[in-house]
Amino acid sequence: MRSIVIAPRNVFCISVEAENISPDRFAPLKIEEIKKLIVWQGNRQKILSDLFTVDGEDSPSKAEDMAIRLSGDFSNVKRIGEGMTSGAIEVQGSAGMHAGNHMSGGILSIAGNADDWLAREMLGGRVVVMGDAGNYVGAGYRGEKCGMRGGEIEVRGNAGAYLGEHLCGGSIRVGGNAGDFPGAANQGGTIFIGGSTYLPGAEMSKGTINVRGETKVLPSFQKMEIAQIDGTDYQKYLGDLLENGKGELFVGVAVP
Amino acid sequence: MIIRGGIVYDPSNGIFGEEMDLFIDRGKMVEEARGEEIDASGLLVMPGGVDAHAHIAGKKVNTGRIMRPDDSRLGTEPRNGVCRPSTGYTVPNCYAMGYRYARMGYTTAFEAATPILEARHTHEELQEIPIIDKGALTLFGNNWQVMECVRDKDLSKLAAYVAWGLRSARGYGVKIVNPGGGESWGFGTNVKSVNDPVPNFDVTPAEIIRGLAQANELLHLPHSIHLHFNNLGKPGNYTTAIETLDLLKDIKPSRMRQVVHVAHMQFSAYGGTGWRDFESKAPVIADYFNSHNHATMDMGQLLFGSATTMTADAPLEYGNARLTHNKWSNHDIELEESSGVVPMIYSRKMLVNAVQWAVGLELALLVDDPWKVLMTTDHPNGSPFVNYPEVVTLLMSKPKRDAEMASMHEQLQKRTGLGEIQRELDWADIAIMTRAAPARILGLPDKGHLGPGADADITIYNLKPEELDTSQDHSLVKKAISTAMYTIKGGVVVSKDGKILCTPPGRAFWVDAAVPQADTDRLMPDLQEKFAKYYSIQLSNYAVQDAYLPHANVIRAGLSIEPLQEVA
Amino acid sequence: MSEATIIKDAICSFCGCLCDDIIVEVEGGKVQRARHACPLGSSKIMGHGRIESPMIRKDGELVESSFQEAYDRSAQILLQANKPLMYGWASTSCEAAEKGILLAEEVGAVIDSTATVCHGPSVIGIEEKGLPGATLGQVKNRADTIIFWGCNPAEAHPRHFRRYSSNSIGRFTPQGREGRKIIVVDVRATRTSRNADKFVRIDPGCDYEVISALRMLVAGKGDILPERVGGVLKADLAELAAMLKAARFGALFFGLGLTHSRGRYKNIDNALSLVAELNQHTKFVVLPMRGHYNVGGIGQTLAWSSGYPMSVDFTRGMPYFNPGETAACDLLARKDTDAALIIAADAASNFPRATAEALANIPVIQIDPYENPTTLLSDVVIPCAIAGVEVEGTAYRMDGLALRLRKMVDSSLPSDEEILMGILQSVRKQRQMMANEGA
Amino acid sequence: MITGRTLAQGAECENKMSPGFFRAVALCHISETDFKSLELTEGRNVLLKNECGQVVLAAKADSGLPENIVFLPMGPWANVLVGRETGGCGTPHFKGVKVEVAATDLPVSDIRELFTNMRR
């Protein structure tokens, strides 16, 4: 593995857009070339080394052999790992918006929290967030019919609203609670929410949503039998009947 | 300016691939001039492209943008040099439209459908489209005043209204979309044939079409009526097309041009009783055009990929939205029209789409006279206009067509005769279908040709027509015509090898037709009543003010003027 | 005393109704009367206290300056900023908006309109589902069933009923109010609900569920519904659904009751689907009740210029759009902007307190005819002539219809358009000077 | 709490520094039942508070309101109680905000007081 460590030189008040922080972009470059990759802060175009220190092995490698470590606070750095196809990014703190968007392979791990639009339009690979994630995890872009199509997202903490909106494939697992409308317009992906949420599966036409905690269920879902999954009882619903009603929603039955 | 040594195609002037020099002075073509020289030795030179049917400005185009941020994020280019930012693929922003047309060698484009009430918006957008000259056709086919005049068989009042409507809209010509159907859609229904009466108005689509065609000729308008048929987009609709065309064959044109221009013929040349036995009836339609001389058409070619359908045919759009389960915008315009917008993806794996693709090509290849067929995609309904080079190369290359068809549904061969057509168009045909014919059909005497007095709108392609085999080397052709080496607009180089060098504003054409005062005097009480009772705005706030056409080019027409000069 | 001039068919530039039948009497360079105008419009047209001179903050106090000084200071603020925000635009002309967009492109700013604190969620809903709408005259001539959902036109759009909706008379609606069924859905009784044939009171934040239940009923799947949804009895919902399906022409007008509550754009998304589905059975259209008179126009202008109707980020030279990230409230809440130009809107009053506080902590340029709380936070204040009263220009009605605003009286102050061009020219000049120094 | 437009708020909204705007907007509509149970009278003030802040407003009984809902004309007083969160879509929650309401003898802040000391 070729290891590269990136650290912010200071605290960013205005957010930074750094879609070039990706194993695919770094792989063919030497350290000095990596330092010259473009990043943006507001309307100022800069190079990576203006804002970050870059250290690590100098000789180019394949993307799959790249391990990028982001050390320090990246909560205001957007688009980390955009479109990555392989390799690994380890964010030791928190990551800004759109981390891992369009990624199709490799691993993105975030030790802190992830901001909104984590793994938007993801195609494959794996994303793990130890803390919380914001709104629109694994969702699509505005106006698109399709969000995440493949891969896995795991959020150990809580997630925001519109989790997996327009999900077309892949799986999302949230350990804690999820905000309003998870799995809206789900067309074939899988969502597991460990805690509670509100109005899951609006207009879902396919796929599965599993809510272990409490949730309000839309009136357009049909109550089915009690199902057992991994030893826990769940109330099963079919919906959304406003679509074809082929989605499955399981809601944990609280033990009194 | 002098353009040296190009291989010039100027069909209006009988020039087909002659090596010659061209001279420009003060924005016009002249016999002799001095100044800057451009070396075009051996290169293909044509007049600037003219697009006679595209949806480039107005409410429905902007609705397309607003409902499709997913489209706007495609094709973005940052602000750069003289260019403002570009966005969008099927629904580009105004700036991108101007730049992309210019890069492709086009210098004129007409917006195909504007209701009078919303013409102000259309002109706001047209004004923002840089470089190209433009105009907008005005919708009349579902207009209450029109239907009432037709019902009363009051042709002179109808003509007075058409003249008034064009002036109010600062419009260029008479557009008719699904006549009667738009009004029916006001209560959620549609007309089913040209003889199906329009609810509450006691007229039929056939009467509306004939009435407007007669008024159009009475007014000596430069363009004929521009017609989008009833039942467009439906299986089996070729009979409606023929029936409608037959309605008009006895009408005498007031100028040397067609009596009717059929918009996007491809969408109205279908056989079958439903989607399952859907098939091409292009040969029947082409035969009709070959044996009649009162009609012209544009292809409305469909290409695979993303499109945004937008039309004043609102019931069609509702059908599209239900069929594809896609988002749906609708916009009904009081007393005048309805319209709809639905995004679409055409797939080569879908048999229906493949047949539609074939129908457009068949039409263009089976109609013998290229002056009768314009190359369009009904942008952005069949495909965005940036894909014109794909259409041109399909028309020029049988091997390309065969290769494309090989990747499509195996049933396609049975549903269309495209595979048997050997014809390959040449540069003369293409110059006619993209330059000379659209200018003639629109009635623009200074466009589409390079004779003295014409606008100095010229395209030079980086392609040697005498060396290139357009049948075999279609990919080279496509590359060369996608980005003109030079686009000259009004005597100024606006684009060179795809780089926009300057962005002059471009003019807006509209037609001011004179009618006898007595007819206007009979008309105005009708209109005053309509504004007092039915419109939601005042008559005095209706017409488009001149402030919206800072670069207007007014063409006079009408009853009281001398016969107009013929188009070159 | 000079003779009174009468301006007929003047356009009221207050709310999204853009009433165009106002008769204005002008005498001595002042509007004396505005006939036909409602209290809201009248208050605007008749005018009141104005900012008289440009001001620049020096040592904590706003002191009078020349226009040129104000332009230069504004340009300096915009040029120094890494991510300037240009917000407002709802109460000025499209011509001013066009200049604003050009300025935003040139300085690399984010441009956003007041839509993001009112109908922004409607825009996102439309991006999901499209907008099956119509011009208001279509409703007047045809609608026999009208729903007002989460809106209160009696107070926000006082002439809407008579000109366009419940009480209007048109070709197929000769009986006016008598021939119509009016339905109001809201969490509270309002002046609008008192005009209704049927008032459905729902629990706050339950709009989405109620709409889903209605969609189920319209689709004939009502049997699985629970007895009560969002505080409304199933029987009541069934009656409502039947009324909607029985319409010959129905219109749904919705307001901030849907966009500002829990569910936000999802509420709109669902309502748009309801209307689309009702068209399987009858004719139905839907229209947002736009507040400021030209909040529609900035959306249209931005869309044809940039491809997006609001929240457009030009910082990287090409337009980028993502409300939630590029909207004014987000940028301020995240402290992700370092200068603001506020025009034709009062951000300080209309934003949540904490968001307004963020505004107070960056340099602010205000362009407005009137003093308001934003003035108190501003570093540069530039007074302007009032579009639609003192300046001509284009505005878009709530249904997307463009009208040309008339000028009623003269003003010695520059228009928004002129001010923006003044700032833009100063930006170009200062940038040229910086380039020269750099070289 | 819900916020919204009123006729008086609209008529004064471009005249924010005026007494008319103060009268129209520094106001809290309360259901008749709640008005009684809080022992309010016309002219008495209420203190509204939540995690975003607190604000004093004149109280007004409103027969259109159900219990447990207060209505505030939109404007800077109401916005003291509105959170900055936009839920990922750009628009704060101006309606459906949880607040505590109590009668108070404190005075209502005028608009300038509301913005005093906000700058830097």
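Below, chains carry the letters A, B, ... as their sequence lines are ordered, and counting in each starts from 1.
When heavy atoms are compared at a cutoff of 4.5 Å, C/Ile124 approaches chain D solely by way of its side chain, counted from C-beta outward. Proximity to chain D is absent for every atom of C/Thr190, based on heavy atoms less than 4.5 angstrom apart. Using a 4.5 Å cut-off between heavy atoms, C/Ala356 contacts chain D through both its backbone and its side chain. Heavy atoms of C/Arg194 lying under 4.5 Å from chain D belong exclusively to its side chain. Both the backbone and the side chain of C/Ala189 come within contact range of chain D, each with at least one heavy atom under 4.5 Å from a heavy atom of that chain. Heavy-atom distances place the side chain of C/Pro158, and not its backbone, under 4.5 Å from chain D. Residue contact with chain D, scored on non-hydrogen atoms closer than 4.5 Å, involves the side chain of C/Pro204 exclusively. Heavy-atom distances place both the backbone and the side chain of C/Ser261 under 4.5 Å from chain D. Within the 4.5 angstrom heavy-atom criterion, no atom of C/Ala358 approaches chain D.
Considering every non-hydrogen atom in both C/Glu155 and D/Leu7, the closest pair reads OE1-N, 2.7 Å. Here the closest heavy-atom approach between residue C/Asn372 and residue D/Met17 is recorded as CA-SD, 3.5 Å. In terms of heavy-atom proximity, C/Ala327 sits nearest to D/Gly90 at CB-CA, 3.7 Å. Of all the heavy atoms in D/Thr91 and C/Pro121, the pair that sits closest is OG1-CD, 3.2 Å. When all heavy atoms of D/Cys13 and C/Phe14 are compared, the pair lying nearest together is SG-CZ, 4.0 Å. Minimum heavy-atom separation, C/Arg264 to D/Pro92: NH2-C, 3.7 Å.
Put simply, OG1 on C/Thr375 and CZ on D/Phe115 are 10.0 Å apart, with the number rounded to the nearest 0.5 Å. Between D/Ile2 atom CD1 and C/Arg188 atom CZ the span is 5.0 Å, to the nearest 0.5 Å. Considering CG of C/Leu40 and OG1 of D/Thr6, their distance stands at 9.0 Å, rounded to 0.5 Å. To the nearest 0.5 angstrom, C/Leu256 atom CG is 8.0 Å from D/Thr3 atom OG1. Interatomic distance, CG of C/Leu359 versus CE of D/Met118, reported as 8.5 Å (0.5 Å rounding).
By number of non-hydrogen pairs under 4.5 angstrom with chain C, the leading residue of D/Cys89, D/Gly96, D/Ala11 is D/Cys89. Your options are C/Glu325, C/Arg353, C/Arg50, and the one with the most heavy-atom pairs under 4.5 Å with chain D is C/Arg353. Chain C forms more heavy-atom pairs under 4.5 Å with one residue of D/Gln9, D/Arg84, D/Glu14 than with any other, namely D/Glu14.
Atom CD of D/Glu113 sits in a crowded spot, with more than 12 heavy atoms from other residues, nucleotides or ligands closer than 6.0 Å.
With C/Pro352 as reference, D/Val82 is the one residue of D/Val82, D/Leu81, D/Thr86 to meet the side-chain contact (heavy atoms from CB on, under 4.5 Å) rule.
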Please test D/Met74 against C/Asn350 for side-chain contact (heavy atoms from CB on, under 4.5 Å), starting from the C-alpha separation and ending with a verdict.
CA-CA 8 Å; D/Met74 53 174 62; C/Asn350 298 338; over 6 Å; no

Go through it in stages, so that I can follow the logic: the residues are C/Asp346 and D/Lys16, the test is side-chain contact (heavy atoms from CB on, under 4.5 Å), and I'd like the CA-CA distance, side-chain angles, deciding distance and then a yes or no.
CA-CA 9 Å; C/Asp346 177 14; D/Lys16 291 228 173 66; 2.9 Å; yes

